[in-house]
Amino acid sequence: MEVLKIATAGSVDDGKSTLIGRLLYDTKSLTDDKLEAIARSSKQKGYDYLDFSLATDGLVAEREQGITIDVAHIYFSTKTRSYIIADTPGHVEYTRNMVTGASTSQAAIILIDARHGVIEQTYRHFFINHLLRVKDIIVAVNKMDLVNFSEERYLEIKADFEQLAAKSDYKDQNITYMPVSALKGDNIVTKSENMPWYRGDTLLHHLENLDTKDVYNKGQMRFPVQYVIRPKTDEFHDFRGYAGKIYGGELSVGDQVVILPSQTTTTIKDIYFYDQKYKSAARRSSVTITLEDDVNVSRGDMIVKVNELPEIAKKFTAITTWMCAKPLQVGALYTLQHGVHKVTAKVTAIHHKINPDFSGKEENVSALKMNDIASVSFQVNKPLYFDAFKAHRTNGAFILIDPQSNNTSGVGFIQ
């Protein structure tokens with residue numbers, strides 16, 4: 001079954017957790033004991049309705065404060081596909097959590113409170129989805145029941161967001177607008193009788209009909225080798241296969257390829273998926289390949305087509321989101337993981353900090369604090385084979401690991 005990964009974003013009390021809970025409830029994805037717990041807790045709080053936010057806010061602090069702090073991953077399925085929703089916090093101090101949730105998503109839902117409209121946090125949420133090249137954005141104008149389901153108010157908010165979207169340089173991004181009430185269920189799974197003026201799809205219908213191939217960004221074929229398979233059994237004594245996932249493009253038997261970093265040229269001999277052979281494999285396929293020539297290939301190497309070489313360099317600049325309490329400073333050393341490839345990286349320059357609300361840059365920055373986003377230059381001890389993030393979402397991203405604590409300290413998007 002196809003899987004669609006979705007990130008949510010919204011300010012405090014915009015209703016993200018309620019919307020997800022409503023989706024789970026209306027698709028009958030909540031277990032009986034969970035429903036009983038929600039009903040019991042809602043009654044204890046004196047509510048005359050089910051508080052669906054309790055379906056997702058799992059931390060005690062989240063339930064007590066009525067806010068989302070951690071990134072929660074919620075799983076549910078319909079008859080046609082499976083979904084993974086990253087319920088991310090909306091506060092500015094949790095920017096790193098938003099980046100984490102959106103980094104692996106193909107679609108995003110940005111919630112806007114119909115009473116408040118587009119606010120400063122909306123700018124941040126859209127900026128992060130723009131930065132991470134999330135292809136399909138659903139702008140859900142929530143709490144329409146609190147503005148009497150006003151079409152005029154909805155159109156005002158839509159016009160304001162369109163002005164914000166005009167600031168983006170990601171022209172392939174698809175933006176869909178819809179008025180909803182997560183609490184009442186309007187336009188979540190079923191069409192709203194309160195808003196007959198809205199002729200678009202419900203939220204679930206839109207998600208069900210997204211082209212899951214289209215939401216993945218296309219690019220040149222990249223095959224990072226994750227594992228070298230050598231069974232050394234009597235039946236497969238001489239078998240040597242390379243397992244990994246295909247990113248960006250397709251791979252076919254007979255394609256001429258280059259092994260990086262050795263830059264050895266060879267040809268694709270076979271493509272296996274489990275015990276079946278195929279003539280070609282689509283992007284996002286996890287396969288094992290064999291090569292015509294007996295060449296040296298190791299974990300961390302990358303296989304690309306001969307006419308589609310990436311950048312190969314020891315120096316580069318990247319938009320970096322800092323996630324660590326310990327500041328990033330020029331001269332600091334980190335372990336940089338690019339796919340399955342690990343190198344040592346030195347910070348050589350911090351060029352400027354980027355305000356995550358499209359308000360511009362901050363020059364003369366000496367260090368990055370937690371949740372800062374900045375343009376940073378690095379030098380690595382071994383060549384990386386990379387693409388610009390805007391051209392290749394997978395091969396243009398990396399993480400920085402603190403070599404002492406082994407914690408993930410930051411994430412970078414190569415320019």
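None of these values were measured; they are calculated from a predicted model.
Counted within 6.0 Å of CG on N307, heavy atoms from surrounding residues, nucleotides or ligands total more than 12; the atom is thus considered enclosed. Counting heavy-atom neighbours within 6.0 Å of E311 CD, excluding the residue itself, gives a total of 12 or less. Annotation for Y25: atom OH does not count as buried by contact number, only 12 or fewer foreign heavy atoms lying within 6.0 Å. Other residues, nucleotides and ligands contribute over 12 non-hydrogen atoms within 6.0 Å of the CD atom of E363. Within 6.0 Å of atom OH in Y227, 12 or fewer heavy atoms from other residues, nucleotides or ligands are found, so the atom counts as exposed in its surroundings.
If you take CG on D301 and CD on Q226, they are separated by 13.0 Å, rounding to the nearest 0.5 Å. Interatomic distance, OG of S375 versus CD1 of I350, reported as 10.0 Å (0.5 Å rounding). Put simply, CD1 on I175 and NZ on K158 are 11.0 Å apart, with the number rounded to the nearest 0.5 Å. For the atom pair I74 CD1 and I84 CD1, the distance stands at 10.5 Å (nearest 0.5 Å). Note: K135 NZ to I137 CD1 = 12.0 Å, rounded to the nearest 0.5 Å. Here CG of L368 is found 5.0 Å from CG of L328. Values are rounded to the nearest 0.5 Å.
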Can D270 and I289 be said to form a side-chain contact (heavy atoms from CB on, under 4.5 Å), step by step? CA-CA 6 Å; D270 293 305; I289 65 172; over 6 Å; no

Begin with the C-alpha distance, continue with both residues' side-chain angles, and end with the deciding distance and a verdict on side-chain contact (heavy atoms from CB on, under 4.5 Å) for R115 and V147. CA-CA 7 Å; R115 298 169 299 172; V147 294; 4.0 Å; yes

When you look at F239 and Y272, which way does the ring-ring contact (aromatic ring centres under 6.0 Å, His included) test go after all the steps? CA-CA 12 Å; F239 185 88; Y272 292 90; 5.7 Å; yes

Checking I188 against L204 for the side-chain contact (heavy atoms from CB on, under 4.5 Å) test, could you report, in this order, the C-alpha distance in whole Å, the side-chain angles of both residues, the deciding distance, and whether it holds? CA-CA 6 Å; I188 303 299; L204 183 63; over 6 Å; no

Please evaluate residues V139 and I112 with respect to the criterion side-chain contact (heavy atoms from CB on, under 4.5 Å), reporting the C-alpha separation (whole Å), side-chain torsions for both, the decisive distance (0.1 Å), and the verdict. CA-CA 7 Å; V139 179; I112 298 175; 3.7 Å; yes

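Under the side-chain hydrogen bond (donor to acceptor under 3.5 Å, both in side chains) criterion, N187 pairs with no residue, sequence neighbours left out.
Side-chain atoms of N209 come within 3.5 Å of backbone atoms of H205 as a donor-acceptor pair (strictly under, hydrogens ignored). A donor-acceptor distance shorter than 3.5 angstrom exists from the side chain of S285 to the backbone of A282, with no hydrogens or angles considered. A side-chain donor-acceptor contact under 3.5 Å links S405 to the backbone of N407. Checking side-chain atoms of Q263 against main-chain N and O of T265 turns up no donor-acceptor pair under 3.5 Å. Proximity of a side-chain donor or acceptor of S192 to a complementary backbone N or O of M195 within less than 3.5 Å is detected. Side chain of Q106 to backbone of T104: a donor-acceptor contact under 3.5 angstrom is found. The backbone N or O of R240 lies less than 3.5 Å from no partner atom in the side chain of R230, so there is not a single donor-acceptor pair. A distance-only check finds a donor-acceptor pair linking the side chain of H392 to the backbone of N395 [under 3.5 Å]. Not one N or O on the side chain of N129 forms a donor-acceptor pair closer than 3.5 Å with the backbone of F126. Between the side chain of R81 and the backbone N or O of E2 there is no donor-acceptor pair closer than 3.5 Å.
Minimum interatomic distance between R153 and H116 (heavy atoms only, all atoms of both residues): NH2-C, 3.6 Å. In plain terms, the two heavy atoms of D201 and M178 that are nearest each other are O-CE, 3.8 Å. Smallest separation of non-hydrogen atoms from A114 and K143: CB-O, 3.9 Å. Across all non-hydrogen atoms, the minimal contact from L111 to L19 is CD2-CD1, 4.1 Å. Heavy atoms only, all atoms of each residue included: E362 and N355 are closest at OE1-OD1, 4.3 Å. Residues R283 and G248 share a closest heavy-atom pair of CD-O, 3.4 Å.
With hydrogens and angles left out, the side-chain atoms of T317 and S377 include a donor and acceptor closer than 3.5 Å. T80 and E208 share a side-chain donor-acceptor pair at under 3.5 Å. Donor-acceptor pairing under 3.5 Å is recorded for the side chains of D136 and H206.
Applying the salt bridge (charged side-chain N to carboxylate O under 4.0 Å, His left out) definition to pairs two or more places apart or across chains, those involving residues 169-182 are R133-D169, D169-K390. Under the salt bridge (charged side-chain N to carboxylate O under 4.0 Å, His left out) criterion, the residue pairs touching residues 366-380 are K353-D372, with sequence neighbours excluded.
A heavy-atom distance below 4.5 Å is not found between the side chains of K382 and V380. Counting only heavy atoms from C-beta outward, the side chains of H341 and L384 approach each other to under 4.5 Å. Side-chain contact check for V304 versus P310: some heavy-atom pair is nearer than 4.5 Å. In this structure, the side chains of S359 and Y123 stay at 4.5 Å or more apart for every pair of heavy atoms. F161 has its side chain out of reach of V141: every pair of non-hydrogen atoms, C-beta onward, lies at least 4.5 Å apart. Taking 4.5 Å as the limit, some side-chain heavy atom of V257 sits within range of a side-chain heavy atom of I268. The side-chain heavy atoms of Y154 and W197, taken from C-beta on, include a pair separated by under 4.5 Å. Using a 4.5 Å cut-off on side-chain heavy atoms (C-beta onward), K245 and P224 make no contact.
Using a 4.0 Å cut-off between charged nitrogen and carboxylate oxygen, D186 and K191 do not count as a salt-bridge pair. Between K184 and D145 there is no salt bridge, since none of the side-chain N atoms of the basic residue sits less than 4.0 Å from a carboxylate O of the acidic one.
Checked against a 6.0 Å centroid threshold, the rings of F386 and F316 count as neighbours. For F398 and Y334, the ring centers sit 6.0 Å or farther from each other.
Checked options I303, D387, L260, I246; the residue passing with R222 is D387 (criterion: side-chain contact (heavy atoms from CB on, under 4.5 Å)).
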